[in-house]
Every structure is written in C-alpha cells, then in structure tokens.
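What follows is a single structure, written as structure tokens, with notes after it.
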Amino acid sequence: MIESTAKSPERSAHTAVTDRMAINDHEQVVFCQDKATGLRAIIAIHNTTLGPAVGGTRMWNYAGEAEALTDVLRLSRGMTYKNAVAGLNIGGGKAVIIGDPRTVKNEALMRRFGRFVNGLAGRYITAEDVGISTRDMEFVKLETDHVVGLPPYLGGGGDPSPVTAFGVYMAMKASVREATGSDSIEGKRVLVQGVGHVGAYLVDHLIREGARVAVADIFEDRLKAVTATHKVEVVAPDAVYSYPMDIYAPCALGATVNDESLAVLSSSIICGAANNQLRDEQVHGKALLEKGILYAPDFVVNAGGIINCYWEIIGYNKDAALSQAEKIYDTTLNIFKKSKEDQIPTYLAANQMAEARIASIASIKTSF
Ligand code: NAD
C-alpha cells in the first residue's frame, strides 16, 4: 500500500538504498554500470499493481549518484499516481542516466542502456524524458521491445505533445466549468507560460475557442512562432505572475506556484502542463485552497503524454489516445468534487484517488 503523503526520500548518502526505497514503498531499484560506454544509470520501479511500470528516461548532469537516486525515486512514484488516476493499466517507473546529454550521449550508450531495460523482461517499459529524444529511443529499440515514444515508422505515436496539450485544454475547460458553471473559455484571459511543444499546441486550442491569450517564453524564436500565426499578447517572463489573468497555465518549469508567485497572482484558476508545479505540495496545496484558487493537479492535467505512450503498448491508435485524453475533463471534475466534499486540497484528492484505485486492484490480486 502506498502512502497518502509523499515522504522525501532524501537521506544522507550513507542511508541504505533499501531504507530509502521503503520510505515510499518502491518495489525495485536497478543500478546499471558499463565501463566501455561510460553508462551509469538507475532504473526505479515504484509500483506494478496495475501493470508493468512505465515512465521515461531522464538524462541529466546530476551532481552524483545520491542526487540521481533521489530524483528517480521521486519521479517513479509520481508515475504510479499519474498512471493510476488516468485510468491506465500500467504501474509507475522511471530511469535516470547520469551525464550531460549534449556531450556524453551516443548510440552505444543508449543501446547498452536498452540492454539493461531488456534484462527487466517487461517489468519496466521506457520512453523519452528530459535530455532524451525519439532518436535515442530508436537506439534503445534495437536492444529491447520494452520501449515506447517511438516514431510512427516503428509503430510509435511520435511526439506526444499534441495529445498532452489536448488533455490540458480538457482540464482547463473542466476547471472553468467548476468555477463558473459553464465550460466556455471564450473571452477568458489565459496566460500560457512557456510556448514550447505543449504550450504552442495549447495556444491553438485556446485561440480557436476565443480566449484572450497572453504568452511568455525566454526564447524569442518560440514567441515568434506563436505570434506569427495568432493574435496574442507577449508578456515578459518576469512579469508573468502579476499579469492580470483569469487562468494561469504553467507550461515551462516546475515549482512556479510558491510563496512569491502566490503573493501577486491574480488568476482564479491554475491549469497547465508543467510537472511539479507546487514548490511544496503540502504548503502550497493548502495555500491555494485557502486563497480560493482552483488548482487542477498537474499530474492529472498533463497525462495526455503517457496516455499516448499507453496506446503504443496496446496497439497505437491516435483517435483512441485522443478520446482517452478527453476523459481528463471528467477526471478533473471528479477531483474537484472530492476536494470539496472532503475539504482537502485538490492535489491530495488526486493522490487519494490514485491510492484508492491501486488498493482496490491489489485486493483482488491477493484474494485467491
Ligand atoms: P519544451 O521544452 O518544449 O517547452 C518549454 C518552454 O518553456 C520552452 O519554450 C522554454 O523556452 C520555455 N521556458 C523555459 N523557462 C521559462 C521561463 N522561465 N519563462 C517562460 N518560459 C520558459 O517542453 P514541453 O515538452 O512543451 O513541456 C512543457 C512542460 O510540460 C514541462 O514541464 C514538461 O515536463 C511537461 N510535460 C510535457 C509533456 C509532453 O508531452 N511534452 C507531457 C507531460 C508533461
């Protein structure tokens, strides 16, 4: 049984790995090392009650093994919750490769990593994440079938961002309905922070529905790509939080919902694609509730990407993936309902929904 409140797996470097795993009940952690390619990686399987663990591989220049372990434990647990609430029959896992992807990554390293994934015989299915591209997954695919996030010519779903953006749009409509009684976004002032892969597709949906859209990005070319096709206002990155808006859509970085932003934020809804939006889940989740700001939990909102990957596992069908992403609308409303009934922050309502589903399936698996 996983616990309702995340406990930080951060411990001293001397804490035994199994003790760190026990904090949030991780099933398995695999350390991978290969001298010839320089590969150093960690694969964490958090929970496989609902099915094989699925989650991307992140490549990052971690300060060391302890930092990488902390990250992979946190990320794999997050995948368990995301997959469970999205109604997918997969568990939570994640992998990290230690090193700078711009200088260390190559075909041999990715293929060696693929062989480690293959060694898990399907208990863990990998995909791309930060620092890893579809091309890298093609190398992994040469060594294992337990990989998704592949290009269409290999039977994959390609870039998941359009599906993620569609799911965010659905969650945003559900949020507006919860706040106003109607799910129309027409005329609403929405600020999209980060117009990269997901943010740009989200802007398309919002403009089509007649929202008043403002965008912010740190890269001029990203802004130009959006302003060339849409009438949107451009806001400087450091003026985002104080900008007058109805809906704040974080689609860039995590931890943007914090003491500083909440002190000036004017929006009544927060709904965006970025992972880990609350700097401190417990502190800022509660603060949002007290301030009356409706927060659509990030891992519920941005599940479109993993839904797309899930359809790769069971046989890719884009329409089916989009149709399942559309259900994020109902899931978001259910979370708001539970949050109101139980008078708890929305992130906690979402966590509890995930735990309830996992517990119910765990009970049938042990009942004979
Ligand atoms: P991306 O890198 O393509 O886009 C992020 C954009 O944010 C970039 O254009 C970047 O310049 C901009 N940005 C960075 N710092 C900024 C700042 N301080 N202010 C304003 N803009 C800033 O990434 P993406 O794939 O669009 O993903 C966006 C977020 O959604 C990430 O947090 C990601 O983890 C999450 N997410 C993405 C997917 C997916 O399918 N791509 C799925 C689930 C979650």
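When a ligand or atom number is given, it counts from 1 through the structure's own listing order.
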* **Cationic tip of R111 above F113 ring, under 6.0 Å, 45° of axis** => no
* To do: Name all residues meeting the salt bridge (Lys or Arg N to Asp or Glu O under 4.0 Å) criterion together with E233; count only those two or more places apart in sequence or in a different chain, and write none if there are none.
  => none
* Look at atom CZ of R357 and say whether more than 12 heavy atoms of other residues, nucleotides or ligands are closer to it than 6.0 Å. => yes
* Structure fact -> Heavy-atom proximity to atom 8 (C) of ligand 1 ranks first, among V192, N275, V195, D217, for D217
* So, D246 and K188, do they make that salt bridge, N to O below 4.0 Å? -> no
* Asked: Should the proximity of V130 to ligand 1, defined as any heavy atom under 4.0 Å, be assigned to the side chain, the backbone, both, or neither?
  -> neither
* **Minimum non-hydrogen distance to atom 24 (P) of ligand 1, winning option of V198, N308, D298** => V198
* Structure fact -> The atoms of ligand 1 lying under 4.0 Å from a heavy atom of N302, numbered in the order shown, are 43 (C), 44 (C)
* Structure fact -> Near G196 (heavy-atom distance under 4.0 Å), the atoms of ligand 1 are 3 (O), 4 (O), 6 (C), 9 (O), 26 (O)
* Asked: Quick check: does any side chain N or O of K105 sit under 3.5 Å from a backbone N or O of G131, one acting as donor and the other as acceptor?
  -> yes
* Asked: N/O to N/O below 3.5 Å, does that happen between A273 and ligand 1?
  -> yes
* Does one side chain, of T126 or T57, offer a donor that lies under 3.5 Å from an acceptor on the other? -> yes
* Of the backbone atoms (N, CA, C, O) and the side-chain heavy atoms from C-beta on, which set of A252 has a member under 4.0 Å from an atom of ligand 1: side chain, backbone, both, or neither? -> both
* Atom indices of ligand 1 within 4.0 angstrom of R222 heavy atoms, with elements -> 3 (O), 9 (O)
* Asked: Where on H197 is there a heavy atom closer than 4.0 Å to ligand 1, on the side chain, on the backbone, on both, or on neither?
  -> both
* Asked: Do M172 and I185 touch side chain to side chain, with heavy atoms closer than 4.5 Å?
  -> yes
* Asked: Counting heavy atoms only, which of S161, P160, A225 comes nearest to atom 41 (N) of ligand 1?
  -> S161
